[in-house]
A.B. asks: 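My questions all concern the structure below.
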Amino acid sequence: MTKDKSLGLVTVATLTAVLAFSLVEIVSADGHEPYEAAFNKDGELVRPAGWREWVFVGSPLTPNSLNGGAAPFPEFHSVYIDPESWAHYKKTGEFREGTMFAKELTLVGDTAATSGIGFFNGKLQGFEIAHKDSKRYSDDTGGWAYYSFGHHDEPYNSTAAAMPTASCAACHTASAAEDMVFTQYYPILKNAKGAGDAAAGTGG
Ligand code: HEC
């Protein structure tokens with residue numbers, strides 16, 4: 001009796017494991033993993049569904065008030081990396097093929113709060129993606145492409161065509177510290193590079 005019962009449990013456990021494995025397979029195979037790039041029939045990048053769950057890496061700000069009233073990029077830039085590429089970067093110290101960075105723009109709102117004088121987030125103001133795929137994109141852009149899903153509040157556009165090299169990639173080529181990415185401004189990435197599970201805040 002006891003033996004039968006435990007056999008039954010083993011069978012249930014095995015079936016559950018097989019089912020879970022198959023589900024993972026199905027989700028990966030249909031291309032709807034939020035951090036895998038998807039394109040429409042015109043070759044435009046589809047805005048990745050789950051990007052708000054991605055890993056935050058930095059938030060540079062070049063406000064108008066510190067740039068003579070006319071900063072080229074006056075918003076906060078909140079930068080995120082997709083979770084699979086974050087894990088890969090921690091392990092290998094490199095940006096894998098398929099890496100995506102998201103950059104959400106937020107206008108400066110209030111400049112004073114109970115905590116002091118400063119810059120506080122106002123309205124959301126746009127969404128961009130950088131995507132690495134050396135097979136898909138030319139060497140001129142270091143194997144990356146840059147996409148803008150609108151320079152306005154949500155909702156952002158659902159698809160975007162790759163931006164011309166001169167508009168985006170050229171500046172990244174000229175000044176970014178590592179593989180077209182401005183890692184010099186992301187201490188979270190600098191500290192995590194190749195650190196594996198010892199990276200701060202990730203366990204270990
Ligand atoms: C004049 C230089 C310059 C131009 C032009 C430029 N960028 Fe950037 N970009 C930066 C800098 C500096 C950063 C570092 C973080 C920040 O300030 O936002 C950055 C960061 C990014 C990031 C985060 C990942 C990374 O590489 O650090 C994305 C995504 C991005 N830019 C997209 C774009 C897109 C899309 C365009 C074109 C519409 C563009 N950039 C044009 C300078 C530039």
Side-chain angles (χ1 to χ4, degrees), residues 21-58 60 77-104 126-149 156-204:
F21 182 72
S22 323
L23 281 176
V24 167
E25 287 283 289
I26 290 163
V27 171
S28 305
D30 75 2
H32 285 90
E33 282 275 278
Y35 42 86
E36 289 297 341
F39 296 87
N40 68 11
K41 60 177 176 21
D42 298 324
E44 295 176 334
L45 180 67
V46 176
R47 178 163 46 83
W51 73 269
R52 271 204 197 285
E53 318 292 324
W54 290 6
V55 177
F56 174 80
V57 300
H77 301 159
S78 305
V79 181
Y80 306 81
I81 186 173
D82 73 87
E84 192 171 340
S85 303
W86 162 250
H88 186 86
Y89 189 76
K90 276 194 306 176
K91 200 166 147 199
T92 66
E94 291 182 354
F95 297 118
R96 70 176 186 112
E97 291 294 327
T99 295
M100 275 198 262
F101 278 94
K103 176 161 97 167
E104 185 167 47
F127 183 69
E128 299 175 345
I129 289 271
H131 175 225
K132 176 175 174 174
D133 185 338
S134 316
K135 290 212 179 84
R136 190 177 185 95
Y137 309 123
S138 98
D139 285 349
D140 298 351
T141 58
W144 289 75
Y146 295 84
Y147 297 89
S148 171
F149 292 83
Y156 305 132
N157 305 342
S158 49
T159 60
M163 297 290 289
T165 304
S167 312
C168 308
C171 178
H172 283 243
T173 306
S175 311
E178 185 183 337
D179 191 5
M180 300 288 281
V181 182
F182 283 88
T183 49
Q184 64 265 49
Y185 307 129
Y186 310 132
I188 291 172
L189 283 183
K190 278 202 274 191
N191 291 359
K193 185 179 172 67
D197 284 339
T202 60

A.B. asks: Run the ring-ring contact (aromatic ring centres under 6.0 Å, His included) test against Y80 and tell me which residues pass, sequence neighbours left out.
C.D. replies: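 Once residues adjacent in sequence are excluded, the partners of Y80 under the ring-ring contact (aromatic ring centres under 6.0 Å, His included) criterion are W51, F56.
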
A.B. asks: Are the side chain of D133 and the backbone of G98 linked by a donor-acceptor contact shorter than 3.5 Å?
C.D. replies: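 Flag not set: sc D133 to bb G98 has no pair under 3.5 Å.
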
A.B. asks: Is the number of heavy atoms from other residues, nucleotides or ligands within 6.0 Å of CG (D42) greater than 12?
C.D. replies: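 For D42, atom CG is crowded (more than 12 foreign heavy atoms under 6.0 Å).
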
A.B. asks: Are E53 and P83 packed together at the side-chain level, in the sense that at least one heavy-atom pair is separated by less than 4.5 angstrom?
C.D. replies: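 A side-chain contact under 4.5 Å is absent here.
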
A.B. asks: Which atom pair, heavy atoms only, marks the closest approach of M100 to P48?
C.D. replies: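 Looking at all heavy atoms of both residues, the closest pair is SD-CG, 4.1 Å.
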
A.B. asks: Give, for atom NZ of K90 and atom CG of D197, the distance between the pair rounded to the nearest 0.5 Å.
C.D. replies: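 The CG atom of D197 is 5.0 Å from NZ of K90, to the nearest 0.5 Å.
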
A.B. asks: Could you go through the side-chain contact (heavy atoms from CB on, under 4.5 Å) check for D179 and K132 one step at a time?
C.D. replies: CA-CA 9 Å; D179 191 5; K132 176 175 174 174; 2.7 Å; yes

A.B. asks: For a 4.5 angstrom cut-off between non-hydrogen side-chain atoms, does E97 reach K135?
C.D. replies: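 Side chain of E97 against side chain of K135, heavy atoms only: no contact under 4.5 Å found.
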
A.B. asks: Quick check, are the ring centers of F149 and Y156 under 6.0 angstrom apart?
C.D. replies: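 They do not qualify: ring centres at least 6.0 Å apart.
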
A.B. asks: Apply the test ring pair (Phe, Tyr, Trp, His ring centres under 6.0 Å) to residues H88 and F95: give CA-CA distance (whole Å), side-chain angles for both, the deciding distance (0.1 Å), then the verdict.
C.D. replies: CA-CA 7 Å; H88 186 86; F95 297 118; 9.2 Å; no

A.B. asks: With a 3.5 Å distance limit and no angle check, can you tell me whether E44 reaches the backbone of T159 through a side-chain donor-acceptor pair?
C.D. replies: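 No.
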
A.B. asks: For Y89 and T99, what are the C-alpha separation, side-chain angles and deciding distance, and is it a side-chain contact (heavy atoms from CB on, under 4.5 Å)?
C.D. replies: CA-CA 10 Å; Y89 189 76; T99 295; over 6 Å; no

A.B. asks: Would a 4.5 Å heavy-atom cut-off, applied to side chains only, mark Y186 and I81 as touching?
C.D. replies: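 Result no, sub-4.5 Å side-chain heavy-atom pair not found.
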
A.B. asks: Any chance you could measure K103, atom NZ, to H77, atom NE2, to the nearest 0.5 Å?
C.D. replies: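 Separation between the atoms: 4.5 Å.
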
A.B. asks: Please round to the nearest 0.5 Å and tell me the distance separating atom OG1 of T183 and atom CD1 of I188.
C.D. replies: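 Reported to 0.5 Å precision, the distance equals 13.0 Å.
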
A.B. asks: Among residues at least two apart in sequence or on other chains, which ones pass ring-ring contact (aromatic ring centres under 6.0 Å, His included) with H172?
C.D. replies: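 ring-ring contact (aromatic ring centres under 6.0 Å, His included) check on H172 returns Y146, F182.
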
A.B. asks: Give the intermediate values and the outcome of side-chain contact (heavy atoms from CB on, under 4.5 Å) for residues W54 and F101.
C.D. replies: CA-CA 9 Å; W54 290 6; F101 278 94; over 6 Å; no

A.B. asks: Is there a side-chain contact (heavy atoms from CB on, under 4.5 Å) between I129 and L45 once you walk through the steps?
C.D. replies: CA-CA 9 Å; I129 289 271; L45 180 67; 3.7 Å; yes

A.B. asks: How close do A162 and Y147 get, heavy atom to heavy atom, and via which atoms?
C.D. replies: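 Heavy atoms only, the tightest pair is N-CE2, 3.3 Å.
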
A.B. asks: Taking side chain as C-beta onward, heavy atoms only, is R47 less than 4.5 Å from N157?
C.D. replies: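 No, every pair of side-chain atoms sits at 4.5 Å or beyond.
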
A.B. asks: Verify whether one side chain among S85 and R96 offers a donor that lies under 3.5 Å from an acceptor in the other.
C.D. replies: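 The criterion, which ignores hydrogens and geometry beyond distance, is satisfied for R96 and S85.
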
A.B. asks: I'd like to know if E178 pairs up with K193 as an ion pair, taking the criterion as any Lys NZ or Arg NE/NH1/NH2 lying under 4.0 Å from an Asp or Glu carboxylate oxygen.
C.D. replies: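 So E178 pairs with K193 through a salt bridge.
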
A.B. asks: Quick check: does any side chain N or O of Q184 sit under 3.5 Å from a backbone N or O of A176, one acting as donor and the other as acceptor?
C.D. replies: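 No: the side chain of Q184 does not pair with the backbone of A176.
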
